[in-house]
Amino acid sequence: AKRYSACLSELAQHGHWEILLQMLALMERENVVLDVYMYSYAISAWGKLHQWEKAVELLDTMEQRGIVPNDVSFNTAIVACGVSGQWRKSVDLLQDMERRGLRPNVVSYNSAVSACGQNRRWEDALLLLEEMMAKGITPNTITFNSAIAACGTSGRWQEALGLLEQMTREKVQPDVVTYNTVIKACGDGGQRAKAIEMLREMPERGIQPNVISYSAAIAACTSEDSADQALHLLTEMKDAGVTPNAVSYSSAIRACGYGHGKKWPDALQLLEEMAAKGIEPNEVAYCSAIKACGVGGQWEEALRLFKEMEQHSLKPGNVAYASVIDACGASGRWQDALRLLRQMNGKGFHVNVVPYNVAIKACSKGGEWASVMQVIREMEEMGVTPTVVTYSSAIAACARGREWQEALGLLRLMDDKGVKPN
RNA sequence: GACCUCGAUACAGCCUGC
């Protein structure tokens with residue numbers, strides 16, 4: 001059993017969930033008696049594969065085989081449901097535990113709070129927080145961190161800040177993750193100043209900001225005038241002895257895309273700087289830089305970066321193509337946009353709708369409504385399903401070209417295809 | 001030997017305000 005477990009642990013660490021499940025199935029066939037730990041691995045694996053039914057089913061299966069599920073079994077199932085979008089089932093499992101004579105513990109509630117958060121149910125997350133306290137289960141730092149994240153992903157930055165204050169009242173120590181989560185919540189809520197204020201508050205409370213704290217603060221710089229702020233934070237973190245990584249740089253490069261189209265040189269410089277420091281720019285860094293060039297009307301730079309990506313053996317995917325096509329379109333280079341779009345076929349990945357959408361936008365801007373209609377047809381041939389964005393862009397192109405009949409035709413077409421006009 | 005929390009990339013139009 002020891003050796004089997006070591007093997008399962010190894011597979012889990014490397015994220016080989018399918019193999020892990022295959023191995024367990026094989027073990028069963030060989031009449032190896034699975035213990036409660038092994039079942040937890042199985043429940044966890046099904047969760048990672050978003051197969052919550054399988055995960056929950058195992059709680060019964062194991063019992064039938066004489067292995068009584070314990071608190072960890074349930075906690076693992078709660079997580080599995082949460083990541084599969086089944087937050088309600090996660091919450092229900094807390095009750096199931098009690099029905100089976102198990103007491104949900106702090107990890108059980110933390111998992112359920114997190115499950116609510118991942119599904120943007122901030123109110124349910126807060127209800128669970130109240131419920132656990134009413135039951136005499138003391139929330140810990142992770143509980144609050146999960147609740148703050150729940151508010152953040154639900155767009156409720158004020159509530160996130162409220163929870164930070166509540167922690168003080170309840171004498172629960174915030175840690176670096178608490179602040180990082182709050183910074184992100186503020187950033188997502190468009191509250192850059194507040195995000196930076198929180199970064200400043202950390203040392204006052206004896207918490208040293210780490211690379212994630214700074215990166216989250218940089219990522220909060222998304223208003224038109226905040227590129228300089230992002231660059232300043234990047235410098236500041238270096239001075240503080242926190243080494244920026246690829247995420248820090250990518251976030252700063254992204255901020256350059258918000259600088260009224262004037263910050264593309266900074267984006268290029270950051271890209272060079274990171275490479276010089278031995279941090280190989282990844283697809284995210286390149287795409288962010290391509291976008292910054294695009295909004296600055298620098299289609300040649302965008303194309304150059306795109307080629308450079310390929311030379312660095314980064315295989316451009318949907319995001320990279322969409323970024324560069326959009327950059328071309330923004331500069332009126334609709335022919336380049338179409339050329340790039342058509343180049344995507346046969347590159348060995350599944351082309352999604354976004355590159356098509358941006359190509360349509362490019363043609364629209366170029367007054368090429370006929371090309372727009374052609375692209376729509378190509379989508380059909382390629383089996384790419386247009387979305388409401390596709391049709392809206394195409395209709396806008398017809399409007400620009402005074403092609404009202406085509407516009408009406410598209411409206412009817414989207415209706416036929418079951419895409420709801422908005 | 002099994003369970004919980006944090007950071008970066010692409011797409012439309014319309015309306016309102018500046």
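In what follows, every chain begins at residue 1, and chains take the letters A, B, ... in the order their sequences are listed. In what follows, every heavy atom counts, from backbone to side chain, and hydrogens, waters and symmetry copies are set aside.
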Using a heavy-atom cut-off of under 4.0 Å over every strand shown, decide if [X] touches base, sugar-phosphate, or nothing.
| X | answer |
| --- | --- |
| A:N105 | nothing |
| A:S111 | sugar-phosphate |
| A:D35 | base |

Mind checking what makes side chain to side chain contact (heavy atoms under 4.5 Å, CB included) contact with [X], not counting sequence neighbours?
| X | value |
| --- | --- |
| A:N70 | A:V36, A:V72, A:S73 |
| A:R339 | A:L303, A:D336, A:Q343 |
| A:A195 | A:I183, A:C186, A:A220 |

Length of the [atom1]-[atom2] vector between [X] and [N], whole Å:
| X | N | atom1 | atom2 | value |
| --- | --- | --- | --- | --- |
| A:R400 | B:A12 | CZ | C1' | 12 Å |
| A:K48 | B:C4 | NZ | C1' | 11 Å |
| A:E403 | B:G13 | CD | P | 19 Å |
| A:I290 | B:A10 | CD1 | C1' | 10 Å |
| A:F74 | B:C4 | CZ | P | 17 Å |
| A:D71 | B:C4 | CG | C1' | 12 Å |
| A:L305 | B:A10 | CG | P | 16 Å |
| A:N140 | B:C4 | CG | C1' | 8 Å |

Taking only residues two or more places apart in sequence or in another chain, which ones pass salt bridge (charged side-chain N to carboxylate O under 4.0 Å, His left out) with [X]?
| X | value |
| --- | --- |
| A:R400 | none |
| A:D175 | none |
| A:E380 | A:K417 |
| A:K315 | none |

*asked:* Is it the case that the base of B:A10 and the side chain of A:N357 share a donor-acceptor contact (distance under 3.5 Å, atom types as modelled)?
replied: no
Under 3.5 Å, which N/O atoms of the protein pair with N/O atoms of nucleotides 5-9 of chain B?
{"from": "B:U5", "atom 1": "O4'", "to": "A:S146", "atom 2": "OG", "distance (Å)": "3.2"}
{"from": "B:U5", "atom 1": "O2", "to": "A:N145", "atom 2": "ND2", "distance (Å)": "2.5"}
{"from": "B:C6", "atom 1": "O4'", "to": "A:T181", "atom 2": "OG1", "distance (Å)": "3.2"}
{"from": "B:C6", "atom 1": "O2", "to": "A:N180", "atom 2": "ND2", "distance (Å)": "2.5"}
{"from": "B:G7", "atom 1": "N1", "to": "A:N245", "atom 2": "ND2", "distance (Å)": "3.4"}
{"from": "B:G7", "atom 1": "N2", "to": "A:S215", "atom 2": "OG", "distance (Å)": "2.9"}
{"from": "B:G7", "atom 1": "N2", "to": "A:N245", "atom 2": "OD1", "distance (Å)": "2.9"}
{"from": "B:G7", "atom 1": "N2", "to": "A:N245", "atom 2": "ND2", "distance (Å)": "3.0"}
{"from": "B:A8", "atom 1": "OP1", "to": "A:K184", "atom 2": "NZ", "distance (Å)": "3.3"}
{"from": "B:A8", "atom 1": "O4'", "to": "A:S251", "atom 2": "OG", "distance (Å)": "3.2"}
{"from": "B:A8", "atom 1": "N1", "to": "A:N282", "atom 2": "ND2", "distance (Å)": "3.1"}
{"from": "B:A8", "atom 1": "N3", "to": "A:S250", "atom 2": "OG", "distance (Å)": "3.2"}
{"from": "B:U9", "atom 1": "OP1", "to": "A:R254", "atom 2": "NE", "distance (Å)": "3.1"}
{"from": "B:U9", "atom 1": "OP1", "to": "A:R254", "atom 2": "NH1", "distance (Å)": "3.1"}
{"from": "B:U9", "atom 1": "OP1", "to": "A:R254", "atom 2": "NH2", "distance (Å)": "3.3"}

_With the stacking rule set at 5.5 Å and 30°, tell me whether A:Y37 counts as stacking on B:G1._
yes
Listing, residues 242-255 of chain A side-chain donor-acceptor contacts under 3.5 Å, not counting sequence neighbours, or none:
{"from": "A:N245", "atom 1": "OD1", "to": "A:V247", "atom 2": "N", "distance (Å)": "3.0"}
{"from": "A:N245", "atom 1": "OD1", "to": "A:S248", "atom 2": "N", "distance (Å)": "3.1"}
{"from": "A:N245", "atom 1": "OD1", "to": "A:S248", "atom 2": "OG", "distance (Å)": "3.0"}
{"from": "A:S248", "atom 1": "OG", "to": "A:S215", "atom 2": "OG", "distance (Å)": "3.0"}
{"from": "A:S248", "atom 1": "OG", "to": "A:N245", "atom 2": "N", "distance (Å)": "3.0"}
{"from": "A:Y249", "atom 1": "OH", "to": "A:E273", "atom 2": "OE2", "distance (Å)": "2.7"}
{"from": "A:S250", "atom 1": "OG", "to": "A:A246", "atom 2": "O", "distance (Å)": "2.7"}
{"from": "A:S251", "atom 1": "OG", "to": "A:V247", "atom 2": "O", "distance (Å)": "2.7"}
{"from": "A:R254", "atom 1": "NH2", "to": "A:Y258", "atom 2": "OH", "distance (Å)": "2.8"}

*Looking at residues 6-25 of chain A, who's got a heavy atom less than 4.0 Å off RNA chain B?*
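Under 4.0 Å from RNA chain B: no residue of residues 6-25 of chain A.
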*asked:* Is a donor from one side chain sitting under 3.5 angstrom from an acceptor on the other, for A:S111 and A:N75?
replied: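 Note: A:S111 and A:N75 side chains miss the donor-acceptor criterion.
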*To the side chain of A:S5, which of B:A12, B:G1, B:A2 is closest?*
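That would be B:G1.
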_Check this for me, if you would: do A:R100 and A:D96 make a salt bridge, where the nitrogen-to-carboxylate-oxygen distance has to be below 4.0 angstrom?_
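Looking at A:D96 together with A:R100, the answer is no, because their closest N to O distance does not fall below 4.0 Å.
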*Say you draw a straight line from CG of A:L128 to CE of A:M133; how long is it, rounded to the nearest 0.5 Å?*
11.0 Å
*asked:* Enumerate the side chain to side chain donor-acceptor pair (under 3.5 Å) contacts for residues 286-298 of chain A, please, sequence neighbours excluded, ordered by first and then second residue.
replied: A:Y286-A:E308
Nucleotides 16-18 of chain B: which of its N/O atoms have a protein N/O under 3.5 Å away?
none

